[in-house]
Amino acid sequence: MNIDEIIEGISRKDSRSISRAISIFEDELLADKAEELIRKLYPKTGKAHVIGITGPPGVGKSTMIGRVSGFMAEEGRKPGVLAIDASSPYSRGAFLGNRVRMQESLGEKGIYMRSLTNRGFKGGLSLSALGACKVLDAAGFDPIIVETVGSGQADLDIMSVAHTVAVILAPGLGDEIQAIKAGMMEIGDLFIVNKIDREGAFIAMKEIQDTLALGPQDKWVKPVLGLNSLTGEGFQEFIAELDRHWEYVNTRGDGKARLQGEVALIMESIFRKSLERLMSDEGGAMETLRRVYSREIDPYMAAELLMEYGIHDPARSTRLK
Ligand code: GDP
């Protein structure tokens with residue numbers, strides 16, 4: 001399948017083409033093929049509402065996403081789900097097993113679901129996810145629900161490309177407060193306390209509301225919702241709030257801020273890839289270092305050369321005078 005065939009398949013919502021395209025972003029990130037793909041896809045994108053869902057393991061993210069996408073599909077929407085696993089390879093087995101089951105049950109309802117794990121360089125996962133979002137957008141999926149698992153930077157990166165971020169917590173985890181401290185309050189547009197059937201759920205909601213009240217106040221007042229993902233309780237309100245936030249985002253017209261995040265993410269990935277090449281001597285980085293060693297060029301020059309030419313044509317970095 002060449003890129004044009006893949007693009008054509010994506011327009012037809014052909015799942016083989018969609019999977020192939022996402023694999024290109026997973027395996028050949030920053031290679032010419034991925035660039036060609038994004039260049040040709042990009043004009044076909046821009047319609048989908050990208051919803052990020054983040055929260056600690058065990059709070060019920062996958063159960064909740066199964067429910068919400070199921071309800072949306074019943075309404076005639078075409079949700080697509082991306083599960084991003086940025087966690088350590090040691091905890092990966094359980095995650096993937098869980099997501100394979102999820103994929104099967106969603107597939108029966110015509111919902112596209114795909115897990116992405118980190119196969120490339122460090123930090124590349126967020127960029128793969130960005131590419132995968134573009135693929136689903138071009139294929140006509142809307143909304144695109146992006147679940148992140150793991151912690152730290154990868155979550156924040158993904159969230160900077162989502163239009164709406166829902167932070168999900170549950171009672172009895174003991175780490176609600178930790179999550180709050182870790183900056184979740186800032187990145188969330190909506191807060192969910194799942195497992196509303198469990199003891200302590202209303203206290204957790206109240207705690208979140210109190211903490212939000214201390215933070216900066218915006219035109220968008222961040223709602224705190226309770227859900228029971230086993231019964232579906234609270235989901236109509238949740239979907240209404242997601243739609244209301246999407247409307248808010250569109251009227252506010254903050255497209256530039258998000259683009260800034262997106263381009264910054266790409267720059268960072270290019271930079272990290274250069275760094276990795278430097279460390280592994282892929283593309284003659286050692287030759288550049290040799291020139292520094294012989295005092296032909298200085299380390300600043302070497303850094304600039306590697307950053308400028310390190311990705312697409314590393315060989316040029318040694319040829320350049
Ligand atoms: P994830 O790790 O955040 O994706 O969490 P899962 O979706 O795998 O859910 C973890 C556990 O919580 C599973 O045993 C679910 O059945 C259970 N669970 C999910 N939602 C609810 C809920 O609303 N109420 C209760 N009581 N259990 C739930």
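What's counted below: heavy atoms across the whole structure, side chains too, no hydrogens, waters or symmetry copies. Counting starts at 1 for both ligands and their atoms, following the listed order.
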Item to check | For atom 23 (O) of ligand 1, the protein heavy atom that lies nearest, with its residue and separation | outcome: S229 N, 2.8 Å
Checklist entry - atom 10 (C) of ligand 1: which protein heavy atom is closest, and how many Å away? => result G58 O, 3.7 Å
Checklist outcome for this item: closest protein heavy atom to atom 18 (N) of ligand 1 is K195 CE, 3.7 Å
Checklist entry - Which protein heavy atom lies closest to atom 16 (O) of ligand 1, and at what distance to 0.1 Å? => result L230 CD2, 3.8 Å
Checklist entry - Any cation-pi pair here, K13 with Y112, using under 6.0 Å and within 45°? => result no
Checklist entry - Above 12 or not: heavy atoms from other molecules or residues under 6.0 Å from NZ of K109? => result yes
Checklist entry - Are any of the side-chain nitrogens in E262 or K134 under 4.0 Å away from the carboxylate oxygens of its partner? => result yes
Checklist entry - When clusters are formed from ILVMFWY side-chain contacts under 4.5 Å, directly or step by step, what else is grouped with M267? => result V263
Checklist entry - Does one side chain, of D189 or T164, offer a donor that lies under 3.5 Å from an acceptor on the other? => result no
Item to check | Where ligand 1 meets N228 - atom numbers and elements under 4.0 angstrom, heavy-atom basis | outcome: 22 (C), 23 (O), 24 (N)
Next on the checklist: Do R252 and W220 make a side-chain contact, defined as non-hydrogen atoms from C-beta onward lying under 4.5 Å apart?
Outcome noted: no
Item to check | Identity and distance of the protein heavy atom lying nearest atom 7 (O) of ligand 1 | outcome: T63 OG1, 2.6 Å
Checklist entry - Considering only the protein, which heavy-atom contact is closest to atom 3 (O) of ligand 1, and what is its distance? => result K61 N, 2.8 Å
Item to check | M64 contact mode with ligand 1 (heavy-atom cut-off under 4.0 Å) | outcome: neither
Checklist entry - Within the structure, does G60 bring an N/O atom to less than 3.5 angstrom of an N/O atom in ligand 1? => result yes
Next on the checklist: Holding to salt bridge (charged side-chain N to carboxylate O under 4.0 Å, His left out), I want the full list of residues that pass it with D4, two or more places apart in sequence or in another chain.
Outcome noted: K40
Next on the checklist: Is there a side-chain contact between K195 and S229 in this structure, where contact means two heavy atoms from C-beta onward sitting under 4.5 Å apart?
Outcome noted: no
Checklist entry - Between I196 and ligand 1, is there a nitrogen or oxygen pair with a distance under 3.5 Å? => result no
Checklist entry - Of the backbone atoms (N, CA, C, O) and the side-chain heavy atoms from C-beta on, which set of D197 has a member under 4.0 Å from an atom of ligand 1: side chain, backbone, both, or neither? => result side chain
Checklist entry - What is the nearest protein non-hydrogen atom to atom 8 (O) of ligand 1, stated with its residue, atom name and distance? => result S62 OG, 3.5 Å
Checklist entry - In the protein, which heavy atom is nearest to atom 20 (N) of ligand 1, and how far is it? => result N194 ND2, 3.1 Å
Checklist entry - atom 14 (O) of ligand 1: protein heavy atom closer than 4.0 Å? => result no
Next on the checklist: Taking R244 first and then E241, would you say they form a salt bridge - that is, a charged N and a carboxylate O separated by under 4.0 Å?
Outcome noted: yes
